[in-house]
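A short write-up of the structure that comes next.
Side chains are part of it too, since the values below use all heavy atoms of this structure and drop only hydrogens, waters and symmetry mates. Model, not experiment: these values are computed from the prediction.
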Amino acid sequence: MQYEGVLQKMQTEIGNPIQYYMVFKDDFLNVNQVLNKTLKINLIKHQCLNCGNERPIYRQGFCKNCFFEIPSAGDWIMRPELSTAHLDKEDRDLAYEKKVQLQPHIVYLANSSNIKVGVTRKAQVPTRWIDQGAHEAIEIVEVPNRYLAGITEVALKNHVGDKTNWRKMLTNAVEDGNLIEWRNKLKQYIPTEAAQYFIENNTATHLHFPVIKYPEKVKSLNLDKTPHFEGVLKGIKGQYLIFEDNTVFNIRSNEGYYVGIGIH
């Protein structure tokens, strides 16, 4: 089997285990079905996800020009507290920013490598949790815009982490926190503007990843340094492929890379 196309974040479907799909222009691959098979990954070129031109990828799958121009790569994406659409104030494209920022957002706690706080649009639950490799997550607040979620996250990360240790997550060397205890403990630190949106008495969501064998240690595949790779696929977690030889490949950080994938 041969597939070819530009890498984008794998699409997922909730299930036991979670189903993963690589989607290309004219084809798609259910990645779960190739567990225990040998994958050959060959870098062919770079292709910006926005303009489609063959240019070096700068960040988030975009070339440098697009990254600094398009509204979907504004600073408020990574730092929700910088959102300004609720003030009718434009960053790069107010219509786009209103569409994305002025919708329900969730601040959540997740167990991935250790307990962490995060923000996502309500429409992205549970996709966001799957993408970061969290095996358990719980909502803390549901607010009407991205700004409120951002300032809540900023306040809470003074008391709990906001980063996933990807090495721990991929080796399954996780330190679980009690999400309900943490949710109740953090309630007092929610900013006044968001306090009314606190969610009481909800339960955690549990997620099950298709992993046959976790690696003992991990080494990351860099296609620019290793444009041809071959290995036996042993698992999928977060947006990572896990191979038998302890190599891990982050699909998300290789968006915009045009590859050929062979399976045998």
Side-chain angles (χ1 to χ4, degrees), residues 1-14 18-35 37-78 92-93 96 99-100 120-121 123-124 126-133 164 166 170 209-210 218-243 247-264:
M1 287 187 286
Q2 290 285 339
Y3 296 84
E4 188 176 300
V6 64
L7 288 176
Q8 298 189 62
K9 183 173 86 79
M10 288 184 285
Q11 294 186 19
T12 56
E13 189 176 61
I14 195 78
I18 293 151
Q19 296 294 311
Y20 280 88
Y21 302 91
M22 279 188 187
V23 180
F24 301 107
K25 186 179 178 185
D26 300 312
D27 210 350
F28 73 91
L29 167 65
N30 179 328
V31 191
N32 298 57
Q33 293 182 353
V34 296
L35 285 165
K37 294 187 176 176
T38 299
L39 267 64
K40 285 185 179 178
I41 303 173
N42 294 308
L43 174 61
I44 297 171
K45 61 180 180 178
H46 301 99
Q47 182 178 309
C48 173
L49 293 184
N50 182 62
C51 67
N53 291 326
E54 186 176 342
R55 291 177 177 164
I57 299 302
Y58 183 67
R59 282 182 202 162
Q60 298 174 28
F62 305 123
C63 68
K64 195 168 186 177
N65 282 3
C66 289
F67 180 79
F68 285 106
E69 289 174 5
I70 62 174
S72 59
D75 286 343
W76 57 268
I77 297 283
M78 303 302 285
R92 297 183 182 179
D93 178 338
Y96 176 87
K99 189 173 116 184
V100 179
T120 189
R121 286 173 285 153
Q124 286 295 103
T127 304
R128 174 74 181 125
W129 304 338
I130 294 170
D131 288 347
Q132 64 184 208
T164 296
W166 62 274
L170 291 171
F209 294 94
V218 292
K219 54 185 180 186
S220 190
L221 172 60
N222 180 327
L223 285 181
D224 289 314
K225 293 179 181 172
T226 309
H228 308 290
F229 172 79
E230 183 173 334
V232 177
L233 185 66
K234 283 293 180 180
I236 319 157
K237 191 175 186 185
Q239 282 287 323
Y240 285 85
L241 304 182
I242 300 169
F243 292 93
T247 297
V248 296
F249 182 53
N250 186 347
I251 299 290
R252 192 74 189 265
S253 67
N254 285 277
E255 288 186 302
Y257 284 59
Y258 192 103
V259 299
I261 297 177
I263 299 156
H264 60 92

Consider side chain to side chain contact (heavy atoms under 4.5 Å, CB included). Of Ile18, Asp131, Leu241, which one does Met10 pass it with?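 Exactly one option meets the side chain to side chain contact (heavy atoms under 4.5 Å, CB included) with Met10, and it is Leu241.
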Closest approach of [X] to [Y] (non-hydrogen atoms, all atoms of both residues):
{"X": "Lys234", "Y": "Leu35", "result": "C-CD2, 3.7 Å"}
{"X": "Leu43", "Y": "Val259", "result": "CA-CG1, 4.3 Å"}
{"X": "Phe209", "Y": "Ile236", "result": "CB-O, 3.6 Å"}
{"X": "Ile14", "Y": "Pro126", "result": "CD1-CG, 4.0 Å"}
{"X": "Val6", "Y": "Tyr258", "result": "N-CD1, 3.7 Å"}
{"X": "Ile77", "Y": "Ser72", "result": "CG1-O, 3.5 Å"}

Name all pairs fulfilling the salt bridge (charged side-chain N to carboxylate O under 4.0 Å, His left out) condition that reach into residues 253-264, sequence neighbours left out, sorted by first residue then second.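 Sorted result for residues 253-264: Arg252-Glu255.
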Between Gln19 (side chain) and Asn32 (backbone), is there a donor-acceptor pair under 3.5 Å?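 Checked: no pair found.
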Asn222 side chain to Lys225 main-chain N or O, any donor-acceptor pair under 3.5 Å?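 Confirmed, Asn222 side chain pairs with Lys225 backbone.
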For Phe62, check ring pair (Phe, Tyr, Trp, His ring centres under 6.0 Å) against everything at least two apart and list the hits.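 Result, ring pair (Phe, Tyr, Trp, His ring centres under 6.0 Å) vs Phe62: none returned.
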Not counting sequence neighbours, which residues clear ring pair (Phe, Tyr, Trp, His ring centres under 6.0 Å) with Tyr20? List them please.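 Here no residue qualifies.
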Going by the side-chain hydrogen bond (donor to acceptor under 3.5 Å, both in side chains) test, which pairs reach into residues 47-62, not counting sequence neighbours?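 Every candidate side-chain hydrogen bond (donor to acceptor under 3.5 Å, both in side chains) pair involving residues 47-62 fails, so no pair, neighbours aside, qualifies.
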Is it the case that atom [atom1] in [X] sees more than 12 heavy atoms from other parts of the structure closer than 6.0 Å?
{"X": "Phe68", "atom1": "CZ", "value": "yes"}
{"X": "Lys40", "atom1": "NZ", "value": "no"}
{"X": "Asp224", "atom1": "CG", "value": "yes"}

Quick one: sort the Tyr257 and His46 rings into parallel, tilted or perpendicular, breaks at 30° and 60°.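 Rings of Tyr257 and His46: perpendicular, as their planes differ by over 60°.
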Do [X] and [Y] come close enough that some side-chain heavy atom pair is under 4.5 Å?
{"X": "Asn254", "Y": "Leu221", "result": "no"}
{"X": "Ile251", "Y": "Lys9", "result": "no"}
{"X": "Leu49", "Y": "Gln8", "result": "yes"}

Gap separating the [atom1] atom of [X] from the [atom2] atom of [Y], nearest 0.5 angstrom:
{"X": "Cys66", "Y": "Ile57", "atom1": "SG", "atom2": "CD1", "result": "9.0 Å"}
{"X": "Ile263", "Y": "Ile41", "atom1": "CD1", "atom2": "CD1", "result": "9.5 Å"}
{"X": "Ile130", "Y": "Gln11", "atom1": "CD1", "atom2": "CD", "result": "12.0 Å"}
{"X": "Leu29", "Y": "Met1", "atom1": "CG", "atom2": "CE", "result": "7.0 Å"}
{"X": "Phe249", "Y": "Lys219", "atom1": "CZ", "atom2": "NZ", "result": "15.0 Å"}
{"X": "Asp27", "Y": "Glu4", "atom1": "CG", "atom2": "CD", "result": "11.0 Å"}

Can you name the side-chain contact (heavy atoms from CB on, under 4.5 Å) partners of Thr38, sequence neighbours left out?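 Thr38 satisfies side-chain contact (heavy atoms from CB on, under 4.5 Å) with Glu230, Val232, His264 only.
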For Val248 and Asn250, what are the C-alpha separation, side-chain angles and deciding distance, and is it a side-chain contact (heavy atoms from CB on, under 4.5 Å)? CA-CA 7 Å; Val248 296; Asn250 186 347; over 6 Å; no
Tell me whether the centres of the aromatic rings in Phe229 and Phe243 are closer together than 6.0 Å.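 Centroid distance Phe229-Phe243: below 6.0 Å, so yes.
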Only counting residues at least two apart or in another chain, list the ones meeting salt bridge (charged side-chain N to carboxylate O under 4.0 Å, His left out) with Lys45.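 By the salt bridge (charged side-chain N to carboxylate O under 4.0 Å, His left out) rule, Lys45 matches no residue at all.
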